[in-house]
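Inspection log for the structure reproduced underneath, given as structure tokens.
Values below: all heavy atoms of this structure, side chains included; hydrogens, waters and symmetry mates excluded. Note that ligands are numbered from 1 as they come in the structure, with each ligand's atoms numbered from 1 the same way.
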Amino acid sequence: MSAVPYTVRNAEVVVIGSGLAGLTTALNLIHHHSPAAPVTLLTKTADLPGGSSPYAQGGIAAAIGPGDRPEDHAADTVSAGAGFVDAARAQVLAQEGAERVRALLDAGLPFDRDADGAPLLGREAAHGAARIVHAGGDATGRTLVAALADQVRAAPSIRVETNAFAVDLAVRGGRVCGVLARHPDGWVFHRTARVVLATGGIGAAFARTTNPAEATGDGLVLAARAGATLADVEFVQFHPTALAVDADPAPLLTEALRGAGALLLDRHGERFMAHEHPLAELAPRDVVARAIGARIAAGEPVYLDLRPALAAKPEGFPTVLALCAEHGLDPWTDPVPVAPAAHYHMGGVVTDLSGRTNVEGLWACGETACTGVHGANRLASNSLLEALVFGARVARDVAERSLPTLAPFALPQPPAIAGGAGAALLNAITADSRATLYQAAGLVRDGATLRSARQRLDRLAVALDRLRGDVGGGCAADAESVRRWGEARNRLLVGRLVVHAALARTESRGAHFRSDFPLEDPAAQRHRFTLNDLAGNAEATLEDAACSIL
Ligand code: FAD
Ligand code: SIN
């Protein structure tokens, strides 16, 4: 078996992720770093940008309209979060968010504007004002990150490494000392005292999701394995209206459609949301998602009638129209079938206001972080905003924080992974873990199903472990096999973390609904935990795993 090269590169700071959070962090960092000490930006995607950011349709929430105030935006954020939002941080988000969006507008980013150049502001559920800035109609994320990616490519002091899969963080004496990554041409250890996780969400750990395939929660589990504290992990937001077609990811039909008048219809063609909530189609996202989910669980399809929205804004939804056309649907003539899908993770790696985690030298921002601004339910269009605000905050803190020089340490060994031979088992494990998580930790949860999912995921983790250690030389697997194995391992741990947290929350709140505890418990608190709290959960043996998977 031929050995794969292993090289060591020194870096001032490594940013992992090229979505909005990673691009924002890297661009803000270059104000503080010289070309002689470049920022390394790793992404597992083949090019910039990456992740969920280019998929974002609705827009960015910012209190910049006439009469709107950051205080009002913060109040809406707190109220959407079902009692668990840190109000002071929501104020920072809204205040600095408005400043950051104004700065992007002043810099000429191509947001949609009226004839006088003022931004056109849309309205989304649970926002008390029209405050959603968008670009290219419903192509906001794509337009925004394309512009930032161009700036990153042009910056001589950012070294971009694509197709670079971060496998693990190295931590010695409680301090980060580098990132072990599989690049196309071999293993690379990026020796650095400063790592920023901007790796996005966990949607692809669920069978049905709006997130792209790379949203496997890598940053969450890299941080967890490095000893970081996690919080709010049970809170997963399901988007109510993804197209009900056989596609992965499930194509999103933006909430802005309902903001512009689109209607939800039952199988008889009748509206039903007015009976569920006074705000009808614009009720909080979890309420709409459960109302739709309950009908689908009873075997009744649900449709979205886009025609009122398309009539109001004929140019406003090019992405949605293209997605419908791709699946042979014509929303100008007929309502289209919709169903909920896993969409956004409110929980993540606990950070302070500067994005610092409890592990020295490790920062997190964007969807992988838990800054406390989303609580149990994120307000629509607040996540792009969070990436902008906290990406900049992280950059400032990374630049200002002085850390002692790293002492010499033993380099980490790449994991031993089977190559092509394990592919069939890997695919089976991945499909099983995604289905298990969607079924147990979906819109409606209960203790018995969660416990059985915990056992199943533990068994799958043992089965996955069988793919290690069989390959002699240790690091010979090709880059694609390493990534598929790494993502499968990460999905499984994400699943176990979500199930652990969902079992611990014996109440219903925000996006977390337990049919066996349907009421909110006013005394309940947010949960923080580390990977150590999962120890002892592994109930499976190797033999069990082999029987149940193969
Ligand atoms: P991402 O954009 O997901 O980027 C993550 C990056 O990390 C990628 O480059 C990925 O390749 C990289 N990465 C991950 N793991 C590794 C690894 N192990 N090694 C190397 N690289 C790695 N939010 C809004 O505010 N408004 C909206 O309108 C909106 N619409 C949305 C529509 C859709 C369909 C989806 C899926 C989400 C939407 N969201 C929206 C949510 C929002 O897009 C995300 O929360 C946000 O973009 C996350 O940004 P991020 O930079 O944290 O992560
Ligand atoms: C949407 O456009 O409906 C998604 C907005 C969001 O997730 O913030």
Practice item. Looking only at distances, please establish whether an N/O atom of ligand 2 is found under 3.5 Å from an N/O atom of N382. Key: no

Revision key, fill the gap. among protein heavy atoms, the one nearest atom 26 (N) of ligand 1 is G59 O, 2.8 Å

Practice item. Counting heavy atoms only, name the option from G51, G201, S53 that's nearest to atom 50 (P) of ligand 1. Key: S53

**Study point:** Shortest protein contact, atom 53 (O) of ligand 1 (heavy atom only)
**Key:** G200 CA, 3.2 Å

Check your understanding: Counting only heavy atoms, which portion of Q57 has something under 4.0 Å from ligand 1: side chain, backbone, both, or neither?
Key -> backbone

Check your understanding: Hey, does the side chain of S481 reach the backbone of A477 with a donor-acceptor pair shorter than 3.5 angstrom?
Key -> no

Review point. Counting only heavy atoms, which portion of A164 has something under 4.0 Å from ligand 1: side chain, backbone, both, or neither?
Key: backbone

Review point. Who gets closest to atom 11 (O) of ligand 1 by heavy atom: T43, V145, T216, V167?
Key: T43

Review point. With a cut-off of 4.0 Å, which atoms of ligand 2 are near a heavy atom of H343?
Key: 4 (C), 6 (C), 7 (O)

Point to revise | Location of contacts on S52 toward ligand 1, heavy atoms closer than 4.0 Å | key: both

Review point. Touching ligand 2 at all, A380? Heavy atoms, strictly under 4.0 Å?
Key: yes

Check your understanding: Do the rings of H73 and H127 sit parallel, tilted or perpendicular, given the 30° and 60° boundaries?
Key -> tilted

Practice item. Report yes or no: do H343 and T210 form a side-chain donor-acceptor pair below 3.5 Å? Key: yes

Revision key, fill the gap. For atom 21 (N) of ligand 1, the closest protein heavy atom turns out to be K44 N, 3.0 Å

Study note, to complete from the structure: At under 4.0 Å between heavy atoms, what of L384 touches ligand 1? The answer is both

Check your understanding: Just which atoms of ligand 1 are under 4.0 Å from any heavy atom in A198?
Key -> 5 (C), 6 (C), 7 (O)

Point to revise | Any donor-acceptor N or O pair under 3.5 Å, side chains E124, S381 | key: yes

Revision key, fill the gap. A student checking ligand 2 against E255 at a 4.0 Å heavy-atom cut-off should list atoms 1 (C), 2 (O), 3 (O)

Practice item. Could you check V394, L29, T24, T40 and say which one makes a side-chain contact (heavy atoms from CB on, under 4.5 Å) with V15? Key: L29

Check your understanding: Can you tell me if Q237 and N377 form a side-chain donor-acceptor pair at under 3.5 Å?
Key -> yes

Point to revise | Per-atom contacts of ligand 1 with R378, taking only distances under 4.0 Å to non-hydrogen atoms | key: 23 (N), 24 (C), 25 (O)

Check your understanding: Going by an N to O cut-off under 4.0 Å, is there a salt bridge joining K44 and D218?
Key -> yes

Review point. What protein heavy atom sits nearest atom 15 (N) of ligand 1, and how far off is it?
Key: D218 OD2, 3.2 Å

Check your understanding: Short N/O distance, under 3.5 Å, between Y344 and ligand 1?
Key -> no

**Study point:** Donor-acceptor pair between T430 and N427 side chains, under 3.5 angstrom
**Key:** no

Check your understanding: To which protein heavy atom is atom 2 (O) of ligand 2 closest, and what is the distance rounded to 0.1 Å?
Key -> T254 OG1, 2.6 Å

Exercise for review: Check whether any side-chain heavy atom of I132 sits under 4.5 Å from a side-chain heavy atom of L121, and report yes or no.
Suggested key: no

Check your understanding: Atom CG of N211 and atom CD of E214: how far apart are they, to the nearest 0.5 Å?
Key -> 9.0 Å

Check your understanding: Got an N/O contact under 3.5 Å between A166 and ligand 1?
Key -> yes

Review point. Given I292 and L264, is the side-chain contact (heavy atoms from CB on, under 4.5 Å) satisfied, shown in steps?
Key: CA-CA 9 Å; I292 296 175; L264 284 162; 3.9 Å; yes

Review point. N/O to N/O below 3.5 Å, does that happen between R378 and ligand 2?
Key: yes

Review point. Does ligand 2 have an atom under 4.0 Å from some heavy atom of R258?
Key: no

Check your understanding: Would you say the side-chain atoms of T140 pair up with the backbone N or O of H134, donor to acceptor, closer than 3.5 Å?
Key -> no

Exercise for review: Quick one: look up the protein heavy atom nearest atom 36 (C) of ligand 1 and list residue, atom name and how far away it is.
Suggested key: N211 ND2, 3.3 Å

Revision key, fill the gap. Checking heavy atoms under 4.0 Å, the part of P54 that sits near ligand 1 is neither

Review point. So, for E386 and V373, which heavy atoms are closest and what is the spacing to 0.1 Å?
Key: OE2-CG2, 3.6 Å

Review point. Taking only heavy atoms of I16, which atoms of ligand 1 are found under 4.0 Å from at least one of them?
Key: 19 (N), 20 (C), 21 (N)

Review point. Hey, does the side chain of R208 reach the backbone of P340 with a donor-acceptor pair shorter than 3.5 angstrom?
Key: yes

Review point. Taking both backbone and side-chain atoms of S18, is any N or O found less than 3.5 Å from an N or O belonging to ligand 1?
Key: yes

**Study point:** The single option from T43, L144, L23 passing side-chain contact (heavy atoms from CB on, under 4.5 Å) against P49
**Key:** L23

Exercise for review: Run down the list G348, G17, A21 and name the one with the heavy atom closest to atom 51 (O) of ligand 1.
Suggested key: A21

Check your understanding: Looking at atom 4 (C) of ligand 2, what's its closest protein heavy atom, distance included?
Key -> R285 NH2, 3.6 Å

Review point. Salt-bridged, R131 to D76, with N to O below 4.0 Å?
Key: yes

**Study point:** Region of N382 engaging ligand 1 - heavy atom pairs below 4.0 Å
**Key:** backbone

Revision key, fill the gap. Taking only non-hydrogen atoms of T45 and a 4.0 Å limit, the atoms of ligand 1 in range are 11 (O)

Point to revise | Top protein contact for atom 8 (O) of ligand 2, by heavy-atom distance | key: S381 N, 2.6 Å

Exercise for review: Measure from NZ or CZ of R285 to the centre of the six-membered ring of F238 and say whether it is under 6.0 Å with the direction within 45° of the ring axis.
Suggested key: no

Review point. To which protein heavy atom is atom 23 (N) of ligand 1 closest, and what is the distance rounded to 0.1 Å?
Key: S383 OG, 2.7 Å

Point to revise | G58: numbered ligand 2 atoms lying under 4.0 Å from its heavy atoms | key: 2 (O)

Check your understanding: Which of these, E255, E124, E367, has its nearest heavy atom closest to atom 45 (O) of ligand 1?
Key -> E367

Exercise for review: Look at atom 37 (C) of ligand 1 and say which protein heavy atom is nearest, naming residue and atom and giving the distance to 0.1 Å.
Suggested key: H343 CE1, 3.5 Å

Study note, to complete from the structure: Paired with Y344, the side chain to side chain donor-acceptor pair (under 3.5 Å) test is passed by just one of H374, H239, R378, namely H374

Exercise for review: Do me a favour and list the nearest non-hydrogen protein atom to atom 30 (N) of ligand 1 with residue, atom name and distance?
Suggested key: A56 CA, 3.2 Å

Exercise for review: Using a 4.0 Å heavy-atom cut-off, say whether R483 meets ligand 1 through its side chain, its backbone, both or neither.
Suggested key: neither

**Study point:** Basic-acidic side-chain contact under 4.0 Å: D248, R434
**Key:** yes

Check your understanding: Side chains of T77 and N382: is there a donor and an acceptor less than 3.5 Å apart?
Key -> yes

Check your understanding: Which is it for T199 and ligand 1 at heavy atoms under 4.0 Å: side chain, backbone, both or neither?
Key -> both

